[in-house]
Amino acid sequence: MVKNKGAGHGVVDASHGHEKDTRAGHGGGEGEEGGEYLESDIRMLLLNRLRELGLDAYMASDREVEEGPYYSYYFTSMPRMVTSVCCIKVNGMNFDCINLLVRG
Amino acid sequence: MVEESSTTHAYGALPFYQVHFVVKGNGKMFEELLLARTRKRVRGMVRKSVEDVWWEGGKIAERLNSDTRLKQLLLTVLKDGDDIFVDPVENAVRIYSRFKMESGVVTSLSREVIEVYNIISGHVKSMMREFE
């Protein structure tokens, strides 16, 4: 794990009593803590999108849903190899959860 | 080096994602009733417009076809999106569209899309309760 790596890279403005991190605008680095960063985790992107839409969504693991069969294969062109990425529950909806799958 | 978690996927080939809206219950019991998919008639290639949308499949298709609000929403949602499938499996009924790229899977979700899946899930739930 990379921790406190950015001490020499970020601009620290000690005169104002807080750290001003400018790394985000210059590409930044992996594993740095704090500061701005571009979210790239698909699970968080999906969760944030649902929250943007005003839904009360939260990440929850649901073994029954995530391990079960994903298709009945009555419809053609559904892949054999899929992996469950995450399960998101949304309050106040008719469906029990949203299951994100990735091919392969 | 940053440690990779067990859930990280290799990016050698671009990943394709699919969002499933899951209604729990014994889907196999209602297989013939709940299996359904959309069909659409599209006009134009550049200025594409969906002229008509209808459901094909089991008994649930009749109910979904008679829902005017759902049809109205589907005419806008299916303009850019792909067909929607209602697929009963062993422990649940899964409602989904086709696979999308990483960028498309998040941006494709809008209020209308969520409402469409919510209405379909409602019909699925009510049918499961009715025929149990």
Side-chain angles (χ1 to χ4, degrees), chain A residues 1-3 5 29-32 39-55 57 59-79 81-90 92-104, chain B residues 1-3 5 7-25 27-28 31-32 34-37 57 83 85-96 98-99 102-103 105-115 117-126:
Chain A
M1 284 291 286
V2 180
K3 282 185 179 175
K5 181 187 161 190
E30 288 180 345
E32 288 167 350
E39 184 61 66
S40 60
D41 186 356
I42 188 75
R43 293 169 291 187
M44 291 313 293
L45 286 171
L46 186 62
L47 189 65
N48 291 341
R49 177 70 179 164
L50 291 170
R51 284 177 180 166
E52 269 174 33
L53 295 172
L55 301 174
M59 205 79 79
S61 96
D62 194 332
R63 259 193 155 180
E64 196 187 339
V65 171
E66 289 184 274
E67 288 181 358
Y70 304 122
Y71 304 102
S72 67
Y73 294 105
Y74 277 107
F75 300 111
T76 54
S77 76
M78 293 305 163
M81 290 289 289
V82 284
T83 311
S84 175
V85 178
C86 69
C87 194
I88 296 172
K89 298 210 172 186
V90 184
M93 288 283 160
N94 288 323
F95 48 81
D96 292 306
C97 72
I98 296 173
N99 190 198
L100 183 68
L101 302 178
V102 66
R103 190 183 276 180
Chain B
M1 276 294 285
V2 178
E3 286 174 18
S5 71
T7 53
T8 307
H9 295 280
Y11 273 67
L14 285 173
F16 280 82
Y17 294 98
Q18 190 175 45
V19 179
H20 284 208
F21 292 78
V22 183
V23 179
K24 284 188 193 175
K28 279 283 170 198
E31 210 166 52
E32 288 172 12
L34 297 178
L35 198 73
R37 65 164 294 174
D83 285 323
F85 301 85
V86 181
D87 199 4
V89 292
E90 269 173 33
N91 54 1
V93 178
R94 289 173 172 266
I95 306 155
Y96 53 85
R98 294 207 188 271
F99 276 84
E102 195 174 2
S103 55
V105 76
V106 177
T107 52
S108 67
L109 286 177
S110 61
R111 278 181 206 283
E112 287 81 20
V113 172
I114 298 288
E115 193 180 344
Y117 284 105
N118 194 33
I119 292 170
I120 299 167
S121 310
H123 284 294
V124 168
K125 265 193 172 173
S126 70

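In what follows, chains carry the letters A, B, and so on, assigned in the order in which the sequence lines appear, proteins first and then strands, with residues in each chain numbered from 1. Bear in mind that the values here come from a model prediction, so they are computed numbers and not experimental data.
- The side chain to side chain donor-acceptor pair (under 3.5 Å) test applied to B/E31 returns A/Y74, B/K28, not counting sequence neighbours.
- Neither the backbone nor the side chain of A/D41 comes within less than 4.5 Å of any heavy atom of chain B.
- How far CZ of B/R37 is from CZ of A/F75: 7.0 Å, rounded to the nearest 0.5 Å.
- At distances below 3.5 Å, not a single donor-acceptor pair connects side-chain atoms of B/K24 with backbone N or O atoms of A/D96.
- Shortest non-hydrogen contact noted between A/S40 and B/E102 is O-OE2, 3.8 Å.
- Atom CZ in A/R49 sits 7.0 Å away from atom OG in B/S110 (nearest 0.5 Å).
- Atom-to-atom distance recorded for A/L55:CG and B/N118:CG is 9.0 Å, nearest 0.5 angstrom.
- Put simply, the side chain of B/V19 reaches to within 4.5 Å of the side chain of A/I98, judged on heavy atoms.
- The greatest number of non-hydrogen atom pairs below 4.5 Å with chain B, out of A/L100, A/L53, A/N48, A/V82, is found for A/L53.
- Side-chain N or O atoms of A/R103 include none that pairs as donor or acceptor with a backbone N or O of B/F99 at under 3.5 Å.
- Other residues, nucleotides and ligands contribute at most 12 non-hydrogen atoms within 6.0 Å of the CD atom of B/E32.
- Rounded to the nearest 0.5 Å, atoms CG (A/N99) and CZ (B/R94) are 4.5 Å apart.
- At least one donor-acceptor pair under 3.5 Å links the side chain of B/D87 to the backbone N or O of A/S72.
- In this structure a side-chain-to-backbone donor-acceptor pair under 3.5 Å is present from B/N91 to A/E64.
- Of the atoms belonging to A/I88, not a single heavy atom falls under 4.5 Å from chain B.
- Atom OG1 of A/T83 sits about 10.0 Å away from atom OH of B/Y17, to the nearest 0.5 Å.
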Side chain to side chain contact (heavy atoms under 4.5 Å, CB included) between B/V22 and A/D62: does it pass, once the steps are laid out? CA-CA 11 Å; B/V22 183; A/D62 194 332; over 6 Å; no
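- For the pair A/N94 and B/V124, the minimum side-chain heavy-atom distance is 4.5 Å or more.
- Heavy-atom minimum distance, B/P15 versus A/V102: CB-CG2, 3.8 Å.
- In terms of the side-chain contact (heavy atoms from CB on, under 4.5 Å) criterion, residue partners of A/Y73 (sequence neighbours excluded) are, by chain and number, A/Y71, A/M78, A/R80.
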Determine, step by step, whether B/L109 and A/L50 satisfy the side chain to side chain contact (heavy atoms under 4.5 Å, CB included) criterion, reporting the C-alpha distance in whole Å, the side-chain angles of both residues, the deciding distance to 0.1 Å, and the verdict. CA-CA 8 Å; B/L109 286 177; A/L50 291 170; 4.3 Å; yes
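- Atom-to-atom distance recorded for B/H20:NE2 and A/S84:OG is 9.5 Å, nearest 0.5 angstrom.
- Contact annotation for A/V90: neither backbone nor side-chain heavy atoms come within less than 4.5 Å of a heavy atom of chain B.
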